[in-house]
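Accompanying notes for the structure given below.
Quick caveat, the model's predicted, so the values are computed rather than measured. Each chain gets a letter, A, B and so on, in the order its sequence line appears, and its residues count up from 1.
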Amino acid sequence: MEFKHRHLLGIEPLSRDDLHIILNLADSFKEISRRRIKKVPTLRGRTVVNLFMEPSTRTRVSFEIAQKRLSADSTNISVAASSVVKGETLLDTATNLEAMNPDIIVIRHKAAGSPHFLAREVNASIVNAGDGFHEHPTQALLDCLTIKDHKSDFEGLKVAIVGDIAHSRVAHSNIMALSKLGSEVRVAGPATMLQPGLDELGAKVFTDVEAAIEGVDVVMALRIQQERLGGDSLFANTREYARKYGLNRERIELIHPEGLVMHPGPINRGVEITPDVADGKRSVILEQVANGVAIRMAVLYLMAGGSPDDIANQK
Amino acid sequence: MDILIKNGRIIDPSRNMDEKGHVLISNGKIKECGKEAKLPTQTSDIRVIDGEGKLVLPGLIDMHTHLREPGEEYKEDIASGSAAASAGGFTTICCMPNTNPANDCRAVTRLILEKAKESGLCRVLPIGAMTKERKGESLAEMGEMVESGCVAFSDDGDCVSNSGLMRRVLEYAKTFGVPAIQHCEDKKISRDAPMHEGVLSTRAGLASQPSVAETSMLYRDLELVRLTGARYHAAHISCAESVELIRRAKSQGLPVTAEVTINHLTYTDAVCMDYDTNTKVNPPFRTKADRAALRDGLKDGTIDALVTDHAPHTSIEKALEYDYASFGIIGLETIVPMGLALVEEGIIELKRLVEALTTAPAKVLSIDGGTLAVGAPADVVVIDKNAKWTVDETTLRSKSSNTPLLGKEVQGRVTATVYNGSLVHSV
């Protein structure tokens, strides 16, 4: 098997085989994180820059841990510490980084297409760690890995994503990843949170959350991201949202008896999900976080030019 | 010096002419034109241009250009914009008032006209602001601006959202006999979104604006036209619904006209998918169905004029994230090859293309030009429709190069432009 992409800009450019390569590779990498000495020399001498132009804790830390476990030299640039506050453009920031010859740049940015812009301008491999409302490919991959841990096959699975689909890069990447893997993806939310074209992306669109989640194998709740709405009004208030769309004990009984509850975090407890559901027996939310490290190790390994077969042969 | 353009294919929509012949220019006027043209016996004092195999047209008129002066001369100024215009085949351009300061009083209007006269490469007709400082709060000094040379009024990119004020704008402009031009956009709906709302904006993950941001304002304005009887021109309409609204208004006899940009006739939202900021424009490129409706509208005359909406920006505004880049594409120097490409594809007839760039805008604005009639001011353009050239910083006269065609080879080139009897451009 061969992985031909120099950059990970999104799920959209990837084939089903590409997705399986990453998932299988991540499976192999999981074991490293369970060792007492959690480090392999695979990316020794490689330089990775984590360019986070938007606040992030979970994703940034996950990438950082993945880099350390693969022995890459990494450095972090976050928005508060960067030259951006001094008025430097993204292009200048990137070309200055490029002058120091990094192998990989991991970028998070609130403007969609920023990773694509960088990929045209610099030689380093670009990994998209979330761009605007566009994509968050490593999140979708870790979600798929978590599903794979529990379900034998993606084919025929029903997965429901509930919340502000329009402003969720996680939803967009998951719709594409799960559709490519053969699952049925449903999205649910008030019409204010469902933009046109979702059906053409391959999702079944619901405004009735109960109808959407009935019998599904997986339900994902999305965080209400008030800070990204720029004053747009998409729902009356969090109280009504919780009542109409929140995952609570009664509602969760509608999903398949062996169904999983997922959330990309951070959670607004009591808004999109009640604490008992978030912490309940169906919840795999913390497994998602653990899998994030393995997925990012796999992605970094491939970006550094590693062959999927080498890791498979080592086993 | 007199000029003789020999043996060209002359297309003059004002006289329904499409024939091989000669154009003789003397004392700034058209002296002879057509297959019957009498050639002078002595040509030693005459500049002779070989028109064999070339198109000879009335000088083109662009009723929607941004020259950036005063205020943003690093992007374009009246001299560089005029040079771009004459290189692109235009002998008349109308500049929008979104300068700094805005062209909202006769002092700015006079400055523009003075600068244009200095460069002398084409006729620059200013479009004044409808409201003071283009703020949409109170009427601008339209009376004095018309006296000084403004041919129409518009707040350009800032649609007048206050309906009561828009009514007064129409009435006031009517008083001075000029049309009001509106960029129809409800900013509460469009929210400055960079892309048309649809499946492609969902795939690109970009904020998006639906067509109703345009049509809701257009509908309102058409009803205000019905109320006031004022002349109204819809700038750069971009969607099928707008074409339909204009068609209906015209059939009801309202004094309404409309324009479309060459870019909206050429591109759809698919061109935005690579996040090339040279595709970011407002209104955004819409769907194939919208583009088809715009093409039909131009063909059947529902849309009167074809324009560039030449909007120069430098890398400072464009080498950015898509969300943060400025809206706008240049067009003065590319409209000829782009228009001829549409003719080549069979999308529009050559005669209608020429009309939409000459007599049609002249009629919308009640200005002279756009004709090769004997005695008319000699504005003539000669085009080699087979010549190929590459669009880049070295070939463009504009100070800016923000176009999706950057680096691409195009076919069709202006080889000579005569403005007011003088040869101002030739290659």
Drop me the distance from [X]'s [atom1] to [Y]'s [atom2], to the nearest 0.5 angstrom.
{"X": "A:L90", "Y": "B:L320", "atom1": "CG", "atom2": "CG", "value": "8.5 Å"}
{"X": "B:S208", "Y": "A:F133", "atom1": "OG", "atom2": "CZ", "value": "9.5 Å"}
{"X": "A:H116", "Y": "B:D276", "atom1": "NE2", "atom2": "CG", "value": "13.5 Å"}
{"X": "A:L118", "Y": "B:E321", "atom1": "CG", "atom2": "CD", "value": "8.0 Å"}

Heavy atoms from other residues, nucleotides or ligands near [atom1] of [X] exceed 12 (cutoff 6.0 Å):
{"X": "A:K158", "atom1": "NZ", "answer": "no"}
{"X": "B:K187", "atom1": "NZ", "answer": "yes"}
{"X": "A:F206", "atom1": "CZ", "answer": "yes"}

(request) Using modelled atom types only, decide if a donor and an acceptor are shared between the side chain of B:R203 and the backbone of A:H172 within a distance under 3.5 Å. (result)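 Between the backbone of A:H172 and the side chain of B:R203 there is no qualifying donor-acceptor contact (under 3.5 Å).
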(request) Kindly say whether A:G197 contributes a backbone atom to a donor-acceptor pair with the side chain of B:T202 at under 3.5 angstrom? (result)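 Not a single qualifying donor-acceptor pair exists.
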(message) With a 4.5 Å cut-off on side-chain heavy atoms, are A:P196 and B:E197 touching?
(response)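 In contact.
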(request) Measure across A:A112 and B:A204 and return the closest heavy-atom pair with its distance rounded to 0.1 Å. (result)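 Minimum heavy-atom separation between A:A112 and B:A204: CB-O, 3.7 Å.
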(request) Please flag which part of B:A319 lies under 4.5 Å from any non-hydrogen atom of chain A: side chain, backbone, both or neither. (result)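 It is both, since atoms from each part get that close.
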(message) So that I know where these two stand, are A:H134 and B:Y322 an aromatic pair - ring centroids less than 6.0 Å apart?
(response)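 Between B:Y322 and A:H134, which both carry aromatic rings, the centre distance is not below 6.0 Å.
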(message) Taking side chain as everything from C-beta outward and backbone as N, CA, C, O, which of these in A:D232 sits under 4.5 Å from a heavy atom of chain B? Side chain, backbone, both or neither.
(response)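 Interface part for A:D232: both.
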(request) Please determine, among A:E135, A:H109, A:M176, the option with the most heavy-atom pairs under 4.5 Å with chain B. (result)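 Most heavy-atom pairs within the cutoff with chain B belong to A:H109.
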(request) Could you have a look at B:S201, B:G198, B:P194, B:G205 and say which one has the most heavy-atom pairs with chain A under 4.5 angstrom? (result)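 Among the listed options, the one with the most contacts to chain A is B:G205.
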